[in-house]
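The block underneath contains the structure these notes are about, expressed in structure tokens.
Throughout, numbering of the chain's residues begins at 1 and tracks the sequence.
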Amino acid sequence: MAAGGDLHRTLDAVWRIESARIIGALTRLVRDVGIAEELAQDALVVALEQWPVKGVPDNPGAWLTTTARNRALDLLRHRGMQAAKADALTWEIETQMQDGAPPPPDAGFDNPLGDDVLRLIFITCHPVLSVDAQVALTLKLVAGLSTPDIARAFLVPEATLAQRIVRAKRTLTEARVPFDLPDAAELGRRLDAVLKVIYLIFNEGYAATAGEDWMRPALCEEALRLGRVLAELAPAAAEVHGLVALMEIQASRLHARTDAHGNPVLLLEQNRSRWDRLLIRRGLAALERAAALGGFGPYALQAAIAACHARAARAEDTDWARIAALYDALSQVAPSPVVELNRAVAVGMAFGPQAGLDIADALRDEPALKHYALLPAVRGELLARLGRHAEASAAFRDAAALTRNARERALMEDRTRAEGSKT
């Protein structure tokens, strides 16, 4: 039997992996994303009550799914839905209990992929919602991010974000949005929001905003899987291939981004022999497809930046001038304070730390970056390269205070001490 702390960590890990699939499957059955989330949360509460007494089941994901589906069955029966629907659901539950396998695709849908998670993304990215509401709700339901984590990703107050999510669920319920993949014409209307969501899910996996781990690789894998599926659904959409290229290349570095103890290893210090060459080749091929389709939007440009790193056999071989030029283009196509901060890094590497610091310093009064840990972290790095060690130490101290990720905080604290010792 797991101790209290171990049990909660186990349940949290299982929930992060399984919640999107469970909520997606429940939404397909009860046709209401808000109710589906409540049913999934009910199963989580039951696990918290029963697992300390009975122990963690052999297949905790299947246990949560079965419990949630039992709740759905009770709800459907209470509503007096047709016996055939209840019988079909009962069969699914019994099958799940026997072997822990996922349920078969619902015969009433034309979707050949049978992917409940992708369906869930498309329902939460319905145009009845604003783009910000689409992305926030999908990150909550699909990525399993907390409201504070999403608020940080949006650079908005937590209360604002929470209200946005509540309103979004209510709007979907009132609009009776169908749980299905859109046809080709409708696909285009939702594609931008879906791409943004998958991108943010990947980013949360690549550099977790909070928690004890530097990364959440399962989120990267899920985002990459969804991107590949989406590329099959929309083969002529250049930015879909651009996003897939970006994720493939970035994912190639996952094994090199931490040491044996889980501590962060920054890009320029990574052992590039640990980069996954197959993923790099897949990414470069996807980037070529995006270019052939005439696409150099935000994702394709970011993929081109990632490709510069992937093609450099050593850190010192990196073409920083090209990367800076690509960030110049990205800042024109998709201007944002975060893009500008990344441009400061590239310019600092290509043309000297003072040039990069000038850009970073211009962002210090940017409201959206007021609580963004990477701004003082970037400034700290540039100041350190200029030999301004006391200022660098103070900047790293500010970064440590702002981050909610334990590994990143430890890294910033180490840099604070290292720069302080040089003064």
Side-chain angles (χ1 to χ4, degrees), residues 145 148-158 160-161 199-200 202-204 206-211 214-215 250 257 264-269 298 301-302 305-306 309 320 323-324 326-328 330-420 422-423:
L145 301 189
D149 288 347
I150 303 170
R152 288 170 65 83
F154 270 84
L155 305 178
V156 299
E158 183 179 336
T160 301
L161 197 284
Y199 172 74
L200 290 174
F202 183 89
N203 282 351
E204 176 61 25
Y206 193 75
T209 56
W214 176 240
M215 299 181 295
Q250 297 286 74
R257 296 191 73 239
V265 179
L266 300 181
L267 177 62
L268 298 183
E269 300 167 2
L301 283 170
Q302 289 179 75
I305 291 168
H309 294 294
W320 284 106
I323 291 175
L326 288 168
Y327 269 118
D328 285 341
L330 183 60
S331 68
Q332 297 299 313
V333 172
S336 81
V338 174
V339 169
E340 194 68 3
L341 183 60
N342 286 325
R343 191 172 76 87
V345 175
V347 168
M349 294 299 294
F351 305 111
Q354 186 60 57
L357 185 62
D358 290 342
I359 297 171
D361 280 348
L363 298 170
R364 296 180 73 180
D365 295 327
E366 177 64 50
L369 299 183
K370 184 178 180 181
H371 302 292
Y372 192 56
L374 289 183
L375 175 55
V378 167
R379 292 191 68 254
E381 181 61 37
L382 293 166
L383 287 163
R385 290 175 56 202
L386 286 167
R388 294 161 61 178
H389 301 298
E391 293 173 83
S393 180
F396 286 127
R397 185 181 302 111
D398 290 342
L402 287 173
T403 184
R404 295 177 60 215
N405 182 280
R407 301 285 186 176
E408 184 178 27
R409 185 182 306 112
L411 176 64
M412 293 298 103
E413 289 171 347
D414 287 346
R415 296 301 308 275
T416 299
R417 288 188 291 269
E419 291 302 313
K422 299 175 184 178
T423 58

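Between the side chain of Arg257 and the backbone N or O of Tyr206, at least one donor-acceptor pair lies under 3.5 Å. Side-chain atoms of Gln302 come within 3.5 Å of backbone atoms of Pro298 as a donor-acceptor pair (strictly under, hydrogens ignored). Remark: side-chain polar atoms of Ser393 are not paired, donor with acceptor, to backbone N or O of His389 under 3.5 angstrom.
Side-chain atoms of Asn342 and Ile305, non-hydrogen and from C-beta on, never get closer than 4.5 Å to each other. Contact annotation: the side chain of Arg379 never approaches that of Arg388 to less than 4.5 Å [non-hydrogen atoms, C-beta and beyond]. In this structure the side chain of Ile323 reaches within 4.5 angstrom of the side chain of His309, judged on heavy atoms. Between Leu326 and Leu330 the shortest side-chain heavy-atom distance does not fall below 4.5 Å.
Closest approach of Leu386 to Pro353, counting heavy atoms only: CD2-CG, 3.6 Å. Between Arg364 and Leu375, the shortest heavy-atom contact is CA-CD2, 4.1 Å. Summarising the geometry of Val347 relative to Ala355, their closest heavy-atom pair is CG1-CB, 3.7 Å, with the distance given to 0.1 Å.
Residue Lys422 places its NZ atom among more than 12 non-hydrogen atoms of other residues, nucleotides or ligands, all under 6.0 Å distant.
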Would you be so kind as to tabulate the donor-acceptor pairs closer than 3.5 Å made by side chains of residues 394-404, with sequence neighbours excluded?
from: Thr403; atom 1: OG1; to: Asn405; atom 2: N; distance (Å): 3.1
from: Thr403; atom 1: OG1; to: Glu408; atom 2: OE1; distance (Å): 2.6
from: Arg404; atom 1: NH1; to: Asp149; atom 2: OD1; distance (Å): 2.9

Distance-only donor-acceptor hits, side chain of residues 333-341, under 3.5 Å, sequence neighbours excluded:
from: Ser336; atom 1: OG; to: Val338; atom 2: N; distance (Å): 3.4
from: Ser336; atom 1: OG; to: Val339; atom 2: N; distance (Å): 3.1
from: Glu340; atom 1: OE1; to: Arg343; atom 2: NE; distance (Å): 3.2
from: Glu340; atom 1: OE2; to: Arg343; atom 2: NE; distance (Å): 3.4
from: Glu340; atom 1: OE2; to: Arg343; atom 2: NH2; distance (Å): 2.7

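Between the side chains of Gln354 and Asp358, a donor-acceptor pair is found at a separation under 3.5 Å.
Here the straight-line distance linking atom CG of Leu411 with atom CZ of Arg409 works out to 12.0 Å at 0.5 Å rounding. The CZ atom of Phe351 sits 9.5 Å away from the CD1 atom of Ile359 when rounded to the nearest 0.5 Å. For the atom pair CG (Leu382) and CE (Met349), the distance works out to 9.5 Å, reported to the nearest 0.5 Å. Glu381 contributes atom CD, which lies 8.0 Å from atom CG of Leu268 (distance to the nearest 0.5 angstrom).
Considering only residues two or more places apart in sequence or on other chains, Tyr372 meets the ring-ring contact (aromatic ring centres under 6.0 Å, His included) condition with none of them.
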